[in-house]
**Student:** 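Dumping the structure here so I can ask a few things about it.
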Number of protein chains: 2
Amino acid sequence: MKAPVQGTQSFSRTIHLLDLISQSKAPPSLAELKESSGLTRPTLYRLLASLEAEGLIEQRSDQRYQLGVRLVSLARKALAENDIRRLAKEQLLRLRDETGETVHLAVPSREELIYIDKIECEEVVRMASTIGTRVPMHSSGVGKAYLGAMAPAEAEDLIRQLDMAQITSFTNTDRTVLSAITQKVREDGYVFDNQENEEGVVCYGAAILDDMGKPAAAISVSIPLYRHTKPTEQYVKPLLTCIANISQRLGYRPS
Amino acid sequence: MKAPVQGTQSFSRTIHLLDLISQSKAPPSLAELKESSGLTRPTLYRLLASLEAEGLIEQRSDQRYQLGVRLVSLARKALAENDIRRLAKEQLLRLRDETGETVHLAVPSREELIYIDKIECEEVVRMASTIGTRVPMHSSGVGKAYLGAMAPAEAEDLIRQLDMAQITSFTNTDRTVLSAITQKVREDGYVFDNQENEEGVVCYGAAILDDMGKPAAAISVSIPLYRHTKPTEQYVKPLLTCIANISQRLGYRPS
DNA sequence: AATGAATGTCCATAATATGGACAAATAAGG
DNA sequence: CCTTATTTGTCCATATTATGGACATTCATT
């Protein structure tokens with residue numbers, strides 16, 4: 001396995017293994033992990049043992065592995081110390097109330113975005129399962145909004161690195177088309193996504209800018225297709241007001 | 001540095017570094033990390049680079065490091081579940097050991113609380129409570145602790161909705177008195193309950209705070225009256241340490 | 001412009017992680 | 001109940017990796 005950074009192969013491998021456990025549908029057994037990771041038995045044992053020693057995973061009574069409390073604790077801290085999430089909360093609630101639809105907040109991590117908040121259109125008590133979900137740049141409203149707020153050259157670089165996977169039957173998988181969309185987003189300041197990330201759901205997305213005018217996050221208003229009847233204006237206007245407010249709180253000053 | 005598991009020194013070191021970052025009051029600079037970790041400059045750079053490459057940390061515009069959202073993605077599955085119980089378990093066991101008494105963990109459900117965990121003390125003592133039992137706000141240690149951690153206005157709203165039922169001959173059924181108790185809890189950070197929920201059992205209660213500083217749960221240390229001989233300090237100090245630890249794991253940062 | 005401090009990188013070497021081979025435990029078959 | 005097959009777990013010589021002293025670069029200060 002290649003290490004993205006020189007001198008960290010074992011760390012990279014171990015985190016990759018943690019990711020496999022995290023992405024599994026059900027808590028995996030040793031044999032399943034051996035299969036999916038392609039690691040040799042002794043290596044797998046050592047990596048699992050070190051993950052367990054650090055409390056990042058736990059071995060259940062049936063020998064299968066699940067995420068450990070240490071990881072949960074770290075993740076909660078990561079959420080808590082995220083300034084954008086804190087500064088955006090109030091505005092997102094308002095956007096939800098104004099549109100009556102579900103609102104997402106996503107921040108970049110490597111070549112993807114990760115949802116760090118979700119305000120449901122109906123009140124829900126427990127933490128939404130979408131928080132922490134990775135979402136591709138090319139197939140989501142937040143992704144395309146984010147691309148459109150990047151410096152053109154950087155956006156092109158990033159687009160070149162994307163896998164352009166087909167998520168739904170509506171997903172655009174053509175880089176040239178994505179570049180054109182990105183250009184349009186740059187002009188409009190928002191994007192409309194037609195079921196490219198989830199069948200039956202359309203959304204409007206826009207990016208939040210930091211004090212340097214660079215995109216720091218993106219938000220989207222998701223609407224079930226059957227309910228998508230209001231004029232565009234009714235979704236876009238509150239959305240643009242919302243991102244303007246949050247960007248301002250982040251220190252952005254429109255020039 | 002010794003590695004807890006053979007053949008994982010570098011992983012262990014890197015996670016330890018991640019932990020240092022997570023425990024810092026404010027996002028640390030490179031110099032601060034060099035100081036606190038004791039690592040040499042090149043090693044520190046490599047470990048930070050690999051953490052950043054994996055998205056586990058992020059370098060802010062002021063060069064300081066903070067936890068990355070990839071952690072949220074890795075912990076997604078575990079975050080969605082009700083994880084307070086898991087996060088608290090270890091700390092509750094410690095509290096039981098330190099006080100030698102039975103410890104309860106309760107979360108809110110409408111205008112009541114529900115016990116979601118109970119750590120029994122060594123000596124078998126008959127106590128009515130079991131996991132899943134509902135417990136009133138006004139007559140229990142956990143309930144009054146929870147009220148005292150709420151925003152004053154919200155607490156008053158909630159008190160107005162309570163039925164103030166007489167549970168034992170000691171139960172206070174006066175809302176005005178409950179308001180006064182709530183105010184005291186707010187100042188003290190804990191509450192003492194004298195048999196208001198169960199005859200012959202007194203308890204000390206305190207609330208667990210989430211990342212927004214709002215109460216997420218409450219814990220209590222219950223003591224049979226005949227054995228309640230130690231000074232208050234001996235119960236309260238471990239209790240307060242315990243809630244501080246759990247709150248911190250939930251993402252709460254004392255300001 | 002000169003000096004000092006902080007930040008960043010290189011690379012020979014020491015130390016670690018690796019995985020083939022072996023052992024133990026468990027399940028299947030006679 | 002014993003033998004064989006399969007799965008689970010461990011050891012350790014070796015190759016590969018991570019390490020940190022030394023050096024280079026950048027930035028701040030005089």
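Chain A is the first sequence line, chain B the second, and so forth, proteins listed ahead of strands; every chain is numbered from 1. Note that these values count all heavy atoms, side chains included, but never hydrogens, waters or copies made by symmetry.
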**Student:** Which nucleotide in the list dG19(C), dT19(D), dG20(D) gets nearest to the side chain of Thr40(B)?
**Tutor:** dG20(D)
**Student:** Enumerate the residue pairs fulfilling salt bridge (charged side-chain N to carboxylate O under 4.0 Å, His left out) with a member in residues 26-42 of chain A, sequence neighbours excluded, ordered by first and then second residue.
**Tutor:** Glu32(A)-Arg64(A)
**Student:** Is the phosphate of dT19(D), meaning OP1 or OP2, less than 4.0 Å from a side-chain N or O of Arg41(B)?
**Tutor:** no
**Student:** Is the phosphate of dT19(D), meaning OP1 or OP2, less than 4.0 Å from a side-chain N or O of Gln9(B)?
**Tutor:** yes
**Student:** Would you mind reading off the distance between Leu17(B) atom CG and dT19(D) atom P, rounded to a whole angstrom?
**Tutor:** 11 Å
**Student:** Distance check needed: dG20(C) C1' versus Arg46(A) CZ, whole Å only.
**Tutor:** 13 Å
**Student:** Tell me whether the count of non-hydrogen atoms from other residues, nucleotides or ligands lying under 6.0 Å of CD in Gln183(A) goes above 12.
**Tutor:** yes
**Student:** Any idea which of dT18(C), dA17(C), dG8(C) is nearest the Gln63(B) side chain?
**Tutor:** dG8(C)
**Student:** When the distance from CG of Leu33(B) to P of dT7(C) is rounded to whole Å, what number comes out?
**Tutor:** 11 Å
**Student:** Let me know the distance between CG of Leu44(A) and P of dG20(C), rounded to the nearest Å.
**Tutor:** 14 Å
**Student:** Mind calculating the distance between CD1 (Ile15(A)) and C1' (dA17(C)) to the nearest angstrom?
**Tutor:** 16 Å
**Student:** Verify, without hydrogens or angle tests, whether Arg253(A) (side chain) and Asp211(A) (backbone) share a donor-acceptor contact under 3.5 angstrom.
**Tutor:** no
**Student:** Taking atom P of dT8(D) as reference, at what distance in whole Å does atom CD of Glu35(A) sit?
**Tutor:** 13 Å
**Student:** Rounded to the Å, how far apart are Gln59(A) CD and dT8(D) P?
**Tutor:** 11 Å
**Student:** Phosphate oxygens OP1/OP2 of dG20(D): is one of them under 4.0 Å from a side-chain N or O of Thr43(B)?
**Tutor:** yes
**Student:** Verify the contact: side-chain N or O of Arg13(A) to OP1 or OP2 of dT18(C), cut-off strictly under 4.0 Å; return yes or no.
**Tutor:** yes
**Student:** Between Arg94(B) and Asp97(B), is there a salt bridge with N-O shorter than 4.0 Å?
**Tutor:** no
**Student:** Is Gln66(B) reaching over with its side chain to a backbone N or O of Arg60(B), donor-acceptor style, under 3.5 angstrom?
**Tutor:** no
**Student:** Please report the distance, rounded to the nearest Å, between CG in Leu30(B) and C1' in dA5(C).
**Tutor:** 14 Å
**Student:** Measure from the side chain of Tyr45(A), starting at C-beta and using heavy atoms only, and say which of dA18(D), dT10(D), dT19(D) lies closest.
**Tutor:** dT10(D)
